[in-house]
Engineer: 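Just passing along the structure, written as structure tokens.
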Amino acid sequence: MTILYLLIGAIAGAILALGIYIVLHKRALKGKKEEILEKAEIEAENIKKEKILQAKEKYLQLKSDHDKYVAEKNSQIKDTENRLRQKENTINQQTGELQKKLRDADNARNSLAQQREALERKTKEYDTLKEEVTRQIEAVAGMSASQAKAQLIEAMKAEARTEAQAYINDTIDEARLNAAKEAKRIVITTIQRTATETAIENAVTTFPIENDEIKGRIIGREGRNIRALEAATGVEIVVDDTPDAILLSAFDPVRREVARLSLHQLVVDGRIHPARIEEVVAKVRKQLEEEILETGKRTCIDLGIHGMNTELVRMIGRMKYRSSYGQNLLQHSREVANICAIMASELGLNPKIAKRAGLLHDIGKVSEEEPELPHALLGMKLAEQYKERPEICNAIGAHHEETEMTSIIAPIVMVGDAISGARPGARREVIESYIKRLKGMEDLAASYPGVTKSYAIQAGRELRVIVGAEEVSDEQAATLSTDIALKIQNEMTYPGQVKVTVIRETRSVAYAK
């Protein structure tokens with residue numbers, strides 16, 4: 001029991017102590033709360049005062065800026081008012097001056113009207129006096145004033161016509177004399193500045209060889225190699241007793257060059273037989289075409305000519321292997337181009353256009369199209385086709401007066417062509433007619449059906465005609481040779497006799513795979 005009482009008393013004491021603690025703790029918390037609130041109120045008051053001070057400072061600053069802005073605007077307004085006032089004064093002053101000028105103009109107009117009235121009166125008086133004097137003169141002279149005027153005009157016309165005709169005749173004579181002197185000076189200067197060697201083409205090329213063994217290999221067994229080479233190139237290969245040389249004879253320089261280059265490659269390679277000959281000839285022809293284009297490009301670069309169509313450049317390269325009356329066509333065209341440029345410079349014209357026209361003037365000679373046209377007109381047509389300038393086209397077509405000259409470059413090209421061709425030894429008419437005869441002979445044979453190639457060799461004494469085996473039989477080949485011989489005999493003029501050889505070759509090709 002005592003323990004129970006003690007336990008109850010302990011519990012009661014603990015409860016009492018807990019209550020006392022709670023009461024004291026609440027009082028302590030209440031004191032801290034009041035202290036915190038008091039501090040917060042003090043800080044809020046301080047913040048409020050600080051914000052009020054900042055607001056006042058901001059207000060004062062804004063007020064100061066506003067006052068400054070208003071002062072500037074007022075100053076600008078005053079300046080504007082002053083300028084407007086000055087302009088108003090200037091306008092008033094100008095208005096006064098203008099009014100004064102208007103008054104002066106009115107006074108001048110009135111004065112002019114008075115002067116005009118006085119002039120009209122004087123004019124009427126003058127007309128009256130003039131009519132009176134005219135009547136008196138007509139009465140004395142016995143003719144009217146219009147008749148006298150007509151006679152005077154006719155007399156003055158006749159006198160002026162006589163003087164003008166005399167002046168024209170003197171001017172024409174002086175112009176002719178000066179033109180002749182100037183033309184001679186220009187031509188002489190041009191010839192002196194373009195003095196070049198003349199180049200004569202021949203119909204034979206010499207191919208050097210080292211010994212007779214190579215000559216025998218070129219001939220081949222029973223002459224088969226030389227026959228294959230002649231058939232492939234159209235060149236007569238003359239192998240005689242001439243030491244260390246073989247002659248290549250053909251009127252076409254391109255064929256001779258193909259034959260020469262082919263022989264050189266065959267001799268260097270050492271393999272000489274018909275199949276190899278055909279392969280080498282085809283390859284050389286392709287290489288020669290590339291060389292022709294390169295020659296044309298190099299010629300244009302040397303002469304300073306640019307922007308020319310590639311086909312025209314290729315035709316210029318072909319000129320290297322063509323001749324005109326025995327004169328190398330490319331060298332002739334280059335010389336004409338330089339002559340035309342010099343003459344154009346002397347006359348104050350464009351030398352580049354003249355040089356271009358001079359280079360292209362014989363371009364029709366290397367074209368294989370429309371052979372019935374004269375080479376000048378054909379060249380003009382080609383130049384128009386490849387977009388050359390109209391004055392250049394006209395100069396090409398008119399350099400032999402086969403069309404009307406419409407540009408000043410045309411007579412320069414014509415004169416340049418004549419100067420180049422007139423050099424002593426530059427041309428040989430016999431070679432040109434000889435080449436034309438051989439070309440006509442080949443064309444005559446090529447006009448027959450079934451003919452694939454035709455070559456005039458031995459200076460025109462033999463015509464070799466190659467026909468297709470599928471199109472022409474052996475019997476037709478025999479007949480064809482007779483027909484061609486008769487046609488040559490009836491239509492052409494030639495010395496001695498012409499041997500016509502028709503070649504029909506049958507080939508059978510197979511491949512082992």
Side-chain angles (χ1 to χ4, degrees), residues 1-112 290 293-294 296-298 300-313 350 352-353 356 386-389:
M1 288 297 289
T2 301
I3 294 171
L4 180 60
Y5 288 146
L6 287 173
L7 182 61
I8 292 170
I11 293 170
I15 292 170
L16 180 60
L18 181 61
I20 292 170
Y21 172 76
I22 291 171
V23 171
L24 292 175
H25 183 67
K26 285 184 178 180
R27 286 182 180 178
L29 289 175
K30 185 176 180 181
K32 288 183 180 180
K33 183 178 180 181
E34 289 176 354
E35 185 180 354
I36 290 171
L37 289 173
E38 184 178 355
K39 288 182 179 179
E41 288 177 357
I42 293 172
E43 289 179 0
E45 188 66 26
N46 292 335
I47 292 171
K48 180 179 178 181
K49 290 179 181 179
E50 185 180 353
K51 292 297 181 182
I52 290 171
L53 289 174
Q54 291 178 357
K56 286 181 179 180
E57 290 177 357
K58 187 68 175 177
Y59 168 74
L60 292 174
Q61 183 180 356
L62 291 174
K63 186 174 181 299
S64 175
D65 293 342
H66 176 71
D67 293 341
K68 188 184 296 183
Y69 176 75
V70 171
E72 290 177 357
K73 288 297 181 183
N74 290 334
S75 176
Q76 292 177 1
I77 292 171
K78 288 181 181 179
D79 292 341
T80 305
E81 289 177 352
N82 292 333
R83 286 198 299 271
L84 291 175
R85 194 176 295 111
Q86 291 176 359
K87 289 183 179 179
E88 185 178 358
N89 295 334
T90 303
I91 291 172
N92 292 333
Q93 184 179 358
Q94 292 177 353
T95 302
E97 292 177 356
L98 183 61
Q99 289 177 352
K100 182 179 178 181
K101 289 181 180 179
L102 289 174
R103 288 194 297 271
D104 294 341
D106 291 336
N107 295 333
R109 191 181 299 110
N110 296 330
S111 176
L112 184 62
E290 295 175 357
L293 181 59
E294 184 63 28
K297 291 180 179 179
R298 189 165 56 251
C300 293
I301 292 172
D302 292 344
L303 294 175
I305 296 174
H306 307 285
M308 188 173 291
N309 187 278
T310 306
E311 284 303 318
L312 288 180
V313 174
N350 190 335
K352 292 185 178 180
I353 296 178
R356 197 180 187 103
Y386 295 115
K387 310 301 181 187
E388 287 295 323
R389 299 176 61 157

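Sequential numbering from 1 along the given sequence is applied to the chain's residues. What you are looking at is a predicted structure, and each value in this text was computed from that prediction instead of being measured.
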Engineer: In this structure, which one of Lys56, Gln54, Lys49 forms a side-chain contact (heavy atoms from CB on, under 4.5 Å) with Ile52?
Structural biologist: Lys56
Engineer: Answer yes or no: is there a donor N or O on one side and an acceptor on the other, between the side chain of Ser75 and the main chain of Ala71, under 3.5 Å?
Structural biologist: no
Engineer: To the nearest 0.5 Å, how far apart are CG in Asn89 and CG in Leu84?
Structural biologist: 11.0 Å
Engineer: When rounded to the nearest 0.5 angstrom, what distance separates CG in Asn74 from CG in Asp79?
Structural biologist: 11.0 Å
Engineer: Quick check for you: to the nearest 0.5 Å, what is the distance between Asn82 atom CG and Lys87 atom NZ?
Structural biologist: 12.5 Å
Engineer: Taking 4.0 angstrom as the limit, do Arg109 and Asp106 come out as a salt bridge?
Structural biologist: yes
Engineer: Between CD of Glu45 and CD1 of Ile42, what distance do you get to the nearest 0.5 Å?
Structural biologist: 9.5 Å
Engineer: Determine, for Asp67 against Lys63, whether the closest basic-nitrogen to carboxylate-oxygen distance falls under 4.0 angstrom.
Structural biologist: yes
Engineer: So does Leu60 get a backbone contact from the side chain of Ser64, meaning a donor-acceptor N/O pair under 3.5 Å?
Structural biologist: no
Engineer: Less than 4.5 Å apart, side chain to side chain, heavy atoms only: is that true for Arg356 and Arg389?
Structural biologist: no
Engineer: Give a yes or no answer on whether the side chain of Ser111 reaches the backbone of Asn107 with a donor-acceptor pair at less than 3.5 Å.
Structural biologist: no
Engineer: More than 12 foreign heavy atoms under 6.0 Å from CD of Glu38: is that the case here?
Structural biologist: no
Engineer: Mind checking the OG1-CZ spacing from Thr90 to Arg83? Nearest 0.5 Å is all I need.
Structural biologist: 13.0 Å
Engineer: Rounded at 0.5 Å granularity, tell me how far CZ in Arg103 sits from NZ in Lys100.
Structural biologist: 8.0 Å
Engineer: Output all residues satisfying salt bridge (Lys or Arg N to Asp or Glu O under 4.0 Å) with Asp302, sequence neighbours left out; order by chain, then residue number.
Structural biologist: Arg334
Engineer: Of the non-hydrogen atoms in Leu312 and Glu388, which two are nearest, and what is the gap between them?
Structural biologist: CD1-OE2, 3.6 Å
